[in-house]
Amino acid sequence: MKQMNGTERRAASGEWAVEARGLVKKFGNNRAVDGVDLNVRAGTIYGVLGPNGAGKTTTIRMLATLLRADEGTTRIFGYDVAKDPNIVRQLIGVTGQYASVDESLSATENLVIFSRLLGLSRAESKRKAAELLEEFSLTEAAKRPLKNFSGGMRRRLDLAASLIAQPPLIFLDEPTTGLDPRTRNQMWDTIRRLVKTGSTVVLTTQYLQEADELADRVAVIDRGRVVAEGTVDELKASIGTSSLHLSIQNTQDLQNARRTVERILQVQSAVSPEGGKITAPMADADKVTDLLIALREAGIPLAEMSVQKPTLDEVFLTITGHGVQEDEAETSQKAEEVGA
Amino acid sequence: MNNQSMNPIAGRQLRSKTSLRQSIRHSLTMAYRGLLKIRRTPEQLFDVTLQPIIFTLMFTYIFGGAISGDVQSYLPIIIPGILVQTVITTSVVTGVQLREDMDKGVFDRFKSLPIARIAPLAGALLADTIRYTIATVLTFSMGYVMGYRPEGGLGYVALAALIVIVCSWAISWIFAFFGVIARTASSVQGISMIVLFPLTFLSNAFVPADTLPNWLQWFSKINPISHLVTAVRDLTNSGTAGWDLGISLIGAAVIVAIFAPITVRAYMRRT
């Protein structure tokens with residue numbers, strides 16, 4: 001934890017798109033966001049990763065002037081969100097978790113209205129709308145009311161609407177939640193293209209794979225706090241080792257096999273919920289030889305064996321101390337153990 | 001900013017405030033959005049089309065004989081009364097629809113755009129004046145069909161219609177406020193009706209105020225609805241503008257002056 005925060009560099013010449021300090025938001029007694037710091041360098045993709053209810057959306061809403069922070073400050077390209085909200089709004093585009101477009105209107109009408117609000121003339125608005133619809137391959141559906149749009153089309157339109165003013169900073173709140181794999185890949189391509197044109201993207205996601213695919217840096221948020229921050233590689237390195245996966249042929253051998261693994265590798269192992277698969281961190285590859293011999297001597301036949309590099313999934317599990325669905329109260333303690 | 005050449009935001013004209021002209025422009029664009037929505041879902045105009053027709057028929061034939069002796073001589077009293085009642089009741093819908101609208105994701109986008117904070121509200125309210133206009137035209141038309149011939153002439157009738165629309169627009173800010181602070185659309189409807197029913201009925205809209213008991217007369221005389229009804233009667237029936245018209249317009253201005261800022265404030269705070 002400590003060493004990861006240590007990688008936070010405040011280069012004097014660096015250009016920060018987002019600098020948030022100690023953000024707090026309380027809803028009643030619930031501290032939905034509890035002291036979040038974020039630094040996002042201009043021109044990068046920054047991932048905010050966490051399970052449902054971790055405070056991602058609340059954080060984004062505070063950064064995007066949609067919600068007033070109870071404590072803490074946010075600067076967007078140097079402009080204070082609380083003091084100059086109108087300037088900040090000229091620098092950002094926000095795509096919400098639920099499509100922030102008008103259901104009862106058509107795609108063109110939506111884009112024209114947003115363009116008009118952003119100060120474009122009638123003719124410019126029409127041209128811009130047509131241009132964006134073309135770019136997001138929505139031209140065919142331009143005149144249909146949004147009620148008949150698929151989830152993917154809606155998201156694309158939503159993103160298109162955020163790009164009208166070509167804002168240098170774009171917030172995407174769970175841009176691919178609920179999309180099928182193909183549309184998700186399209187959305188990822190679009191986001192990568194955005195950054196190539198010089199935009200900065202801050203996105204939230206609960207999909208570790210998504211953060212892995214897209215983000216230059218990631219902040220892991222859990223219960224309103226940043227529990228880890230760094231590049232994806234740094235995060236993976238923080239739990240260090242690759243892991244060993246063993247499938248055994250007879251499930252009745254499972255406990256016995258697990259004991260053998262833990263005795264020889266001197267580590268904690270885990271058993272997959274489907275059963276029959278043991279996972280353990282592999283710090284020393286040499287010891288695997290000992291393990292395999294020990295297993296044969298104990299008469300436990302293996303079905304399969306593989307070594308995997310750590311995934312963000314495991315990073316997440318290790319850092320937060322609980323799975324994405326699980327809910328335990330030992331989070332902060334485990335998080336500290338990781339840093340130590 | 002520190003590094004101009006690297007700065008992705010260099011060369012952007014950043015304004016820290018929206019000017020009045022921009023605010024008006026933004027509000028008009030939002031009103032255009034409201035009109036588009038009405039065009040897409042014309043069924044939401046049922047209330048403003050059916051209510052004037054049914055109420056005018058109903059009240060005139062029920063009360064006409066009892067109050068004025070016959071239907072014909074009741075028309076100059078009831079048509080302005082029905083008009084004010086119908087159009088103001090219509091303004092409740094503004095609050096209800098605003099609540100529904102605000103619960104949708106699109107309002108998040110409006111809030112994140114560099115536009116005047118008042119625009120989404122003002123625009124929605126402005127678009128609803130089309131509803132008031134429909135209700136007004138239909139009420140007068142119904143009256144005409146039933147034999148109402150206002151002596152003030154067409155010009156004064158148009159002026160009266162305009163004043164009713166303006167006042168209803170002002171009053172709709174009250175319901176917009178309820179719309180912003182209420183949790184659900186149906187509670188907006190509930191609160192608004194409780195406020196509106198006594199106001200429209202405890203007035204001179206349907207009966208001459210001097211037939212009421214003393215305490216009720218007192219209320220009916222200070223009731224702003226009564227002033228508006230009287231102003232409309234003066235204009236349509238005799239082509240005169242009296243003090244009642246002044247009070248109505250001042251009242252409308254006061255309502256906007258109070259409710260527009262607190263509604264916008266509440267809207268800003270609401271997430």
Side-chain angles (χ1 to χ4, degrees), chain A residues 12-15 17 27 42-43 58 61 64-68 76-79 83-106 109-110 112-119 125 145 147 158 161-162 164-169 171 173 198-200, chain B residues 1-19 21-23 25-44 97 100-117 119-120 123-124 127 268-271:
Chain A
S13 61
E15 181 69 37
F27 294 119
T58 311
R61 290 178 67 85
T65 76
L66 293 175
L67 194 59
R68 205 181 290 270
I76 303 290
F77 294 108
Y79 290 100
K83 292 195 192 97
D84 289 314
N86 203 51
I87 291 189
V88 169
R89 290 187 191 114
Q90 290 162 59
L91 299 171
I92 61 171
V94 187
T95 298
Q97 195 167 343
Y98 308 101
S100 17
V101 283
D102 220 315
E103 293 286 313
S104 47
L105 303 184
S106 75
E109 284 165 344
N110 262 292
V112 165
I113 284 171
F114 296 136
S115 306
R116 296 282 289 151
L117 287 172
L118 285 162
S125 298
K147 287 176 200 125
D158 206 352
S162 303
I164 293 167
Q166 292 164 317
L169 174 60
F171 292 106
D173 195 5
S199 295
T200 311
Chain B
M1 293 300 299
N2 33 20
N3 193 340
Q4 287 301 321
S5 60
M6 292 284 291
N7 194 335
I9 65 167
R12 276 173 186 264
Q13 295 276 324
L14 298 172
R15 316 169 305 266
S16 63
K17 288 250 170 359
T18 41
S19 68
R21 240 185 80 220
Q22 283 173 317
S23 305
R25 227 195 86 151
H26 296 153
S27 302
L28 288 176
T29 305
M30 293 302 295
Y32 168 68
R33 165 180 176 264
L35 291 184
L36 281 178
K37 282 177 74 118
I38 291 178
R39 215 180 63 189
R40 291 267 169 186
T41 46
E43 61 270 22
Q44 57 167 287
Q97 286 187 345
E100 284 172 350
D101 218 14
M102 279 176 64
D103 289 336
K104 290 179 185 143
V106 70
F107 255 68
D108 265 359
R109 182 172 305 284
F110 292 141
K111 282 198 268 184
S112 76
L113 292 176
I115 58 172
R117 302 290 89 192
M268 300 280 296
R269 212 173 303 146
R270 182 99 193 188
T271 47

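Keep in mind that this is a model prediction, so the values were computed, not measured.
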Novice: Between B:F107 and chain A, with a heavy-atom cut-off of 4.5 Å, which part of the residue counts as in contact: side chain, backbone, both or neither?
Specialist: neither
Novice: Listing request: all salt bridge (charged side-chain N to carboxylate O under 4.0 Å, His left out) pairs with a residue in residues 92-105 of chain A, at least two apart in sequence or in separate chains.
Specialist: A:D102-B:R33, A:D102-B:K37, A:E103-A:R154
Novice: Could you tell me if B:R117 and B:T18 have a donor-acceptor pair between their side chains, going purely by distance under 3.5 Å?
Specialist: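 The answer is no; no qualifying pair exists.
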Novice: Give, as side chain, backbone, both or neither, the part of A:L118 having an atom under 4.5 angstrom from any heavy atom of chain B.
Specialist: side chain
Novice: Kindly indicate whether a cation-pi arrangement holds for A:R116 with B:Y32, taking the cut-offs as under 6.0 Å to the six-membered ring centre and within 45° of the axis.
Specialist: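 Not satisfied by the 6.0 Å and 45° rule.
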Novice: Which bit of A:P167 is near chain B, if near means a heavy-atom gap under 4.5 Å: side chain, backbone, both or neither?
Specialist: backbone
Novice: Is it the backbone or the side chain of A:S162 that comes under 4.5 Å from a heavy atom of chain B, or both, or neither?
Specialist: both
Novice: Can you say whether A:A165 sits under 4.5 Å from chain B via the side chain, the backbone, both, or neither, judging by heavy atoms?
Specialist: backbone
Novice: When heavy-atom pairs shorter than 4.5 Å are enumerated against chain B, which of A:V101, A:D84, A:N110 gives the highest number?
Specialist: A:V101
Novice: Taking every non-hydrogen pair under 4.5 Å, which of B:M30, B:K104, B:R15, B:H26 racks up the most with chain A?
Specialist: B:R15
Novice: As a quick check of understanding, evaluate side-chain contact (heavy atoms from CB on, under 4.5 Å) for B:K111 and A:V94, giving each step before the final call.
Specialist: CA-CA 10 Å; B:K111 282 198 268 184; A:V94 187; over 6 Å; no
Novice: Could you tell me whether A:D173 and A:R61 have a side-chain N and a carboxylate O separated by less than 4.0 Å?
Specialist: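 Salt bridge flag = no for A:R61 with A:D173.
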Novice: Among residues at least two apart in sequence or on other chains, which ones pass side chain to side chain contact (heavy atoms under 4.5 Å, CB included) with B:R40?
Specialist: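 For B:R40, the residues satisfying side chain to side chain contact (heavy atoms under 4.5 Å, CB included) (neighbours in sequence not counted) are A:L105, A:S106, A:E109, A:P145.
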